[in-house]
Amino acid sequence: MLKKHTNSAYEAELDQLRDKILLMGGYVEEAIAQAMEALKDRDSEKAKRVISRDKLINTLELEIDELCVELLALRQPAGSDLRLIITGLKISTDLERMGDLVVNLCERVIELSREPLLKPLIDLPHMANLAMGMVREALDAYVKHDASAAKEVCERDDEVDNLDSQIVRELLTYMMEKPGSITRGLGLIMVTRYLERIADHATNISEMVIFLVKGKDVRHRGIGD
Amino acid sequence: MLKKHTNSAYEAELDQLRDKILLMGGYVEEAIAQAMEALKDRDSEKAKRVISRDKLINTLELEIDELCVELLALRQPAGSDLRLIITGLKISTDLERMGDLVVNLCERVIELSREPLLKPLIDLPHMANLAMGMVREALDAYVKHDASAAKEVCERDDEVDNLDSQIVRELLTYMMEKPGSITRGLGLIMVTRYLERIADHATNISEMVIFLVKGKDVRHRGIGD
Amino acid sequence: MGELQVVHTGQVAMVGKTRKKRVKRVGERLIEFGLALSGNISILILGGICILLLYQGLKAFEEVSIVQFLTSTRWNPTSYENPGYGILSMVASTFFVTLGSMLLIVPLGIGVASYTSEFAPKRVRSILKPAVEMLAAIPSVVVGFIGITVTGPAIANFFGLPNGLNALNGSILLAVMALPTAASLSEDALRSVPREWRLASLALGAGKWETLVRVTLPAAMPGILAAMMLAMGRAIGETMTVLMACGNAPAFPESFLAAVRPLTATIAIELGEVPQGTAHFFSLFAVGLALFIISFVVNLLADKLLRRKAA
Amino acid sequence: MNKNAGLRLKKQLFAAFGAGWMWGATLLALVALIGILAFIAYHGFEVMSWDFLTLPPRKGMTEGGIFPAIAGTTLVSLITIIFSVPLGVGAAIHLVEYASDNVLTRWTRLAIRNLSGVPSVVYGLFGLAIFVNGAGLGANILSSGLTLGLLTLPWIITASEEALKAVPRGHRDGALALGATKWHTIRTVVLPQAVPGILTGAILGLSRAAGETAPILFTGVAFFIPFVPESLGDEFMALPYHLYIMSTQHHSIEQVRPIAYGTALVLVGLVFILNLGAFIIRSRMSAKLESAR
Amino acid sequence: MVSSNIECNNLSLWYEDSKALDDVSMNIKPNRVTALIGPSGCGKSTFLRCINRMNDEIAGVRTEGSIIFEGEDILSPKADVVELRRRVGMVFQRWNPFPKSIFDNIAYGPRTHGMKDKARLSEIVEDALKKAALWDEVKDRLRESAFSLSGGQQQRLCIARALAVEPDILLMDEPASALDPISTAKLEELITKLKQRYTVIIVTHNMQQAARISDFTAFFYMGKLIEFDTTNTIFTNPGEERTEAYITGRFG
Amino acid sequence: MVSSNIECNNLSLWYEDSKALDDVSMNIKPNRVTALIGPSGCGKSTFLRCINRMNDEIAGVRTEGSIIFEGEDILSPKADVVELRRRVGMVFQRWNPFPKSIFDNIAYGPRTHGMKDKARLSEIVEDALKKAALWDEVKDRLRESAFSLSGGQQQRLCIARALAVEPDILLMDEPASALDPISTAKLEELITKLKQRYTVIIVTHNMQQAARISDFTAFFYMGKLIEFDTTNTIFTNPGEERTEAYITGRFG
């Protein structure tokens, strides 16, 4: 690990950036967990609460971006500091999109809560847990500058993708069998897709973390060269 | 308009950034147009071509990000230059996601092309045109530093959203009436959603353009204060 | 609250100090006045010398025609029937001896200065510079004494003369006396040339010698010229050396081997013996005036040169 | 390539010629210095003795010592320094620290530069007219001392000015910015740094005054006085004048030549010691300045 | 802990006949670092030297307007310049310790203002050196010459010397322009710490430096104050085109 | 249009007994700007002065290793220093035009190397001034003193003077450290243009400047070459921890 900056205010600002991103990630995780509970319990109130808490995430995005702009304008960052800040800028976007996806998810939850559940939820919570774990570990990797942990997160995206297609296939079968379940089935498909996309964003974050640590961009591997 | 930079290499790099973003936007527009044609003509080959061309967009994203990192590391940008670069970083993400959405869209197109069309396409092409227009105008606004044009783009997002819910409602009715059309209906719903999300990304870009010009972040308005 | 108190005590302290401060300020005014006074004394002295020489010297022209004074070569104030008051021979002697010494000083001075400033290793320089200055410190009467005991006989030997007390002897001795001035001031001029210029020249592929001739010496030239002027002033005003070593003959100089008597020597040798208030006495002041004017002009020229360098 | 070689040869020839010239000049100057010092030392040591330094001359100055001349020179130099140093340093402080750039100061500087070039014999004339006759002091130690004081004044002003100017402006600004008044700044920051330079100037002025002959010729020096002067109103003997007398005016020059050598050695020795002192002070000062860079 | 603004109202300044400052009005906040930037000859240093009246030392300077500090116009002829300079310390571009010991350098100011108590002086010296983040480096060599220190240390010594007279305001005229990056970084860190107790006003050629250390930035051009705002605003979103052109490197 | 690398192999240098450069090996690419950075006393200027043997002018300097340029070791005693310095121009920290006219300043080098033809000299002067982007500013005043120019112009004049002897390599020792931001920007622009014809090696204290103008950056520390890579890599992703610490401002 590197020494501290001679300029302690700079050091503090970088710490603040890390803290804010962790906090934002925490909010996102919490939102996913609450949303899944709301789905399971068909609790539209809880879903509404999650939606209203999204503005915390939005505010944090703005704060993080502002902090990054300030750091770039005033500190002339270089090397790993620069990559930390750029990664921060990108991660904040991803986290905010995750927040938005959770909001969408909650909207579906509210719709779904009007009717009984189509079938017992088994795979979906599992998928949600996977996605949450990916978010948590991606951000851990960010703060710890841990590229190998980030790489692991990337690899776990396949698992989520498989679950996603499996669930969708299952639901489609359901819907074809029972036309009355189409709306609900569609709702659940949407929920699955949202979770899948949340996991995608976690993967994006992990790729940025690898860039942060190694200085190499690993996105779209195989096409660069 | 401001004078040119004393450092001509810097000026050239900023021009290059603008050009690359325009180029990337052009690719995205083209991809949307081709994908819609493929959908209309049920031409899975065309759809595959669009998918394979996505790597051009991905490569451009990497190039743009690399250029932005280089500019930030080597030029110590400030003021509007700094905002141009940060905006570039954010826009490249949005454009790349648009590209991914077009790929997803094309995957649906390939699925859909196996069967006849559910119904004649009227609203969907209209929606696609709207989305493409938004992308084009958002990027124009970026290059021209035109905040009011960007604001207009933001406002047009509502139109797309309305179209989206209208189409989805219509398709749902169809699907409930004819269970055999569920898969195709679902495919078309997905296509609609993709277009809606493309328009969302265009809105994001426009918001960043307003930040670029005014130096104020207009995202998540109403929550900041 | 705490802050307020701090400010308050600060102000109290300020008020308490004020009277003491005022006394202090008056004291400072007095000191400044004294300094200004001593600063202006030099003007008084220069003015005094000017006025006095004019006053006393002009008295001579009540009896002596100014034309004769300036153009006649006959200086014989003690002659009872036909006193001569022409200083032309002495002026010529002064310039003759000075010219001779300058012929030696200019090349030698620049040579010594160039060597010490540009080529000598630091340690050699730290010995050379004080050595040259030591040469300047040898009292003129000692140099004159050397003229009598060493160089005079040597010249006599070399040229087969009955004695060596002549213009050549004076020139050589004046060169010894004024060389340090020329060398030391020239060296200052050379060293005040920024090192960067030398580096630039070397970096362009010029050699050390070429750098000296094409960059350093031209850049230092005004300073070197001023140094030469000041050395010349010193040679013109030198008294004891020429008095002792030039043979003391108030005649128009015919060659370097002829005995001469410059202006300074004339004053030194005659003033002690003349009765005060006579034409002879005043005419010596007139000689002093002439000397003063010459040295004034030389110094003014040197000053101009230095000024131009500064600009 | 050929032309290049020719050019290089030409340059090398010039450089060799130049080196010869510079070496020759420097060698000549050194030979002159060492020659003079060695010559005088060689002959002077022959008559050097305790008696020579402490006894007055005897038998028409053909025997005995030169004590009155040593004493006279010392006393006159003392007067000179007492007169010129305070005045000169004061003037220098005024010019460097206080005087604004106006007509008066420009004239003052011009006057100082010209005064330092005025021939010493003219100072003699001035001293005679002002102190001896004008002020009625008569020809004595005081008149001579004051005359020499005038002579050394411009030297001391110039040396002091240079010493003051060598104090970096930053030191003055630093003190002023701390709330020190101008005089306080000069007293506590500027002068302590300038003192070595001023001292050097004063010592060199003293050495010059001690060696001067022409200005005292008419203002108080005497041919022969067998005792040490008791007051400032007395006439006196002086080393340089004694040497002059012994080498040109004495009735039997050949006979007193050894005494002349002795006198010259004492005079040169005195000047040498003073210069050495100045040199030591100055080299210490420059070492200190060096460490400040 | 300063609590007063420095209010500068319509300040103009002439050297002989040339106008060096033209109608400058600004309000400098206490306990903040304010940076003055602009090209050579823009008046930023001249402005700085108005605040402790160092321009008085230059002949032919004339001012108009006022600078109000704690209710008094410090430009008025009635103002006590000595007391003003005690309260407004200054640090120069080229470090200028006196050729004295480290201790005597710092004690110079207090002694000038009449402090004689030796124990108290020792306390003051220690305190000033600690504030200037130099104590640990020099505590065992207080009697050594100030010139034995490195350039960066000498500059911090000069800051300690200024702090020893307990000023409220510290003026700095390009304090780091002759220092290497490491000394510069240490000095910058010190400056940002000093604002807890002092109002710091700093002139710098180095825009990036202004960005790093200051809370407010004033951009001067041709004797005029073009823009004065928070440093963040000046560097990310300046209001004036001339400021934008300057900070982004568009010099025509 | 230079085409040869400058190959520096295991170069070490001593001043008297202290080692100023320790086993430095690097390969400097032609037609590129290479920046040497590092803290004071790290050896970067010493290294620069090896390349035109300016260290020869300092007594007590001893070197080991070699610097190969076009097949010859320029450090060998047999190397022709005059010819070397013609081919390797140098620009100094403090601009140093000679006290001559603008024309004579530039003509100095060619005249030194034996050029006497007046018409040809005029051409050379014009050409050099154009290359240094100064011709338009001075073409009507070639006979005026070089000192009548501004600081930035004088520095560009010094560059023109170096160019007039048609060097292949240009060494620059902190050429902008005494210039204001505007003159600095113009100089930097000039430097980036010069690389089309020359190999430029520049020592700078200002890391940001190195970032702006150079293609390659070498980081020196305590006489050692710590890292040498493209400027982009050094500033975004350096390989050595010491480089990273230096460029990010972690000075301990």
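Order of the sequence lines sets the chain letters (A, B, ...), proteins ahead of strands, with each chain counted from 1.
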Please determine whether the number of non-hydrogen atoms from other residues, nucleotides or ligands lying under 6.0 Å from atom [atom1] of [X] exceeds 12.
| X | atom1 | value |
| --- | --- | --- |
| E:Tyr15 | OH | yes |
| E:Asp117 | CG | yes |
| D:Trp183 | CH2 | yes |
| E:Trp135 | CH2 | yes |

Checklist outcome for this item: Of D:Val167, D:Thr181, D:Asp173, the largest count of non-hydrogen pairs under 4.5 angstrom with chain E goes to D:Asp173
Next on the checklist: Under 4.5 Å from any heavy atom of chain D, what part of E:Val81 do you find: side chain, backbone, both or neither?
Outcome noted: neither
Checklist entry - E:Arg161 versus chain D, heavy atoms under 4.5 Å apart: side chain, backbone, both or neither? => result both
Next on the checklist: Using every non-hydrogen atom in the two residues, find where E:Pro99 and D:Gln193 come nearest and quote the distance to one decimal.
Outcome noted: CG-CD, 3.0 Å
Checklist entry - Between D:Lys182 and E:Glu57, is any pair of side-chain heavy atoms under 4.5 Å apart? => result yes
To the nearest 0.5 angstrom, please state how far the [atom1] atom of [X] sits from the [atom2] atom of [Y].
| X | Y | atom1 | atom2 | result |
| --- | --- | --- | --- | --- |
| E:Lys100 | D:His171 | NZ | NE2 | 10.5 Å |
| D:His184 | E:Tyr108 | NE2 | OH | 4.0 Å |
| D:Leu178 | E:Arg111 | CG | CZ | 13.0 Å |
| E:Met90 | D:Leu176 | CE | CG | 11.0 Å |

